[in-house]
There are 2 protein chains.
Amino acid sequence: MRIGELAVRTGASPRSLRYYEQQGLLVSARTPSGQRCYGDEHVQRVALIRTFLAAGMSSRTIARLVPCMKRPTMDGARRASAVMSQERARLSSEIDSLAAAREALDHLIEVNRTFMADAADAADGSGAGGAGGAGGTG
Amino acid sequence: MRIGELAVRTGASPRSLRYYEQQGLLVSARTPSGQRCYGDEHVQRVALIRTFLAAGMSSRTIARLVPCMKRPTMDGARRASAVMSQERARLSSEIDSLAAAREALDHLIEVNRTFMADAADAADGSGAGGAGGAGGTG
DNA sequence: CTAAACGCTCACATCGATGTCAGGGGCAAG
DNA sequence: CTTGCCCCTGACATCGATGTGAGCGTTTAG
């Protein structure tokens, strides 16, 4: 298939696919006139690339895993294994960051909810309502 | 405290702190000569900001939460609550992406390990070793 | 007073994946 | 041959947080 179809099938723009190739993440056969040709297996390949990109891996990092995605070589495999475990650690710590942010956000959400409830109570005039004052420096 | 100390205490560069202020994430008192003055509470505030930034929130997004971090107003609170739940969803989905990438990576790691084991076996000459062939298109 | 260390503002540079435009071919249908 | 759609390369633009440097004032230690 040509680049347009691969783009449709993967959700990547043709521009991105060419970029992946330029970065060494993807290899394409060419027609005599220079147009790129891909096989079905490239769909999955691109999906993997995009998964990694979406996780914030740089194309440079992914490039170092590529040798290990297609036809592993001893050299590639050994080098890749270091990168992989390192990157795995990075992913885990990033996940932790996100989780921490989500918890902080949850906290804010609750404070916010409490404040709104208190304000509603105050507007009602009935003094009974949320436990504490909503004055926080946050 | 002045900006340098806040920087040391938060791990943010003075440059970043000024940027946060410019983006409306942080407010500072000024000495008559124009130097920024902060109180202890700003340390925590900056920490929160950095937590959110590290999670990939834009300063613009964080800015919309700020009214809700200090002295909540009805307006701010109402608007913020929308942003907050939206952003919470984004965080969750991002976490999922990262987790997916980590799983994909784990898969690669195992394939890689298997390949290396097979290669070692082949070098040993004893045909018994890893179960399948290591030839994958990835 | 002087020098060092710090602070201020302004402005430009950086990185990385992607968008977009320009100028030029390839290929199929009429 | 022409029209229309796809493709090619190359170059420049984008966004956002931060680095960096210039040029100039402030505060503090000697």
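Side-chain atoms are counted along with the backbone in the values below, which use heavy atoms only and exclude waters and symmetry mates. By convention in this document, chain letters (A, B, ...) are assigned in the order of the sequence lines, proteins followed by strands, and residues within each chain are numbered from 1. These numbers were taken from a predicted model, which means no experiment stands behind them.
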B/S/- contact track for nucleotides 14-24 of chain D, protein heavy atom under 4.0 Å
---BBBB----
Reading nucleotides 23-29 of chain C from 5' to 3' and marking B where a protein heavy atom lies under 4.0 Å of the base, S where only the sugar-phosphate is that close, and - otherwise, the string is ---SS--
Would you check if B:Glu103 and A:Leu91 make a side-chain contact, meaning some heavy-atom pair closer than 4.5 Å?
no
Pairs where residues 92-101 of chain A contributes a residue and the test salt bridge (charged side-chain N to carboxylate O under 4.0 Å, His left out) is met, not counting sequence neighbours:
A:Arg90-A:Glu94
Tell me the salt bridge (charged side-chain N to carboxylate O under 4.0 Å, His left out) pairs involving residues 9-32 of chain A, sequence neighbours left out?
A:Glu5-A:Arg9, A:Arg9-A:Asp40, A:Glu21-A:Arg30, A:Glu21-A:Arg36
If you take all heavy atoms of [X] and [Y], which pair is closest and at what distance?
{"X": "B:Ala104", "Y": "A:Leu48", "result": "CB-CD1, 3.8 Å"}
{"X": "B:Val43", "Y": "B:Met1", "result": "CG2-CE, 4.1 Å"}
{"X": "A:Leu26", "Y": "A:Ile49", "result": "CD1-CD1, 4.2 Å"}
{"X": "A:Met84", "Y": "B:Leu105", "result": "O-CD2, 3.6 Å"}
{"X": "A:Ile3", "Y": "A:Pro14", "result": "CD1-O, 3.7 Å"}

Please determine whether a side-chain nitrogen or oxygen atom of A:Arg36 lies at a distance below 4.0 Å from atom OP1 or OP2 of D:dC7.
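A:Arg36 to D:dC7 OP1/OP2: no side-chain N or O under 4.0 Å.
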Could you tell me which residues satisfy salt bridge (Lys or Arg N to Asp or Glu O under 4.0 Å) with A:Arg2, sequence neighbours excluded, listed by chain and number?
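Scan of A:Arg2 (salt bridge (Lys or Arg N to Asp or Glu O under 4.0 Å), adjacent residues dropped) gives none.
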Once you round it to whole Å, what is the distance between [atom2] of [N] and [atom1] of [X]?
{"X": "B:Arg18", "N": "C:dA11", "atom1": "CZ", "atom2": "C1'", "value": "14 Å"}
{"X": "A:Glu21", "N": "C:dT18", "atom1": "CD", "atom2": "C1'", "value": "17 Å"}
{"X": "B:Gln22", "N": "C:dC10", "atom1": "CD", "atom2": "C1'", "value": "10 Å"}

Flag, side chain of B:Arg88 to backbone of A:Ile109, donor-acceptor distance under 3.5 Å
no
Contact residues, residues 3-10 of chain B to DNA chain C [heavy atom, < 4.0 Å]:
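Contacts with DNA chain C under 4.0 Å: B:Ile3, B:Gly4.
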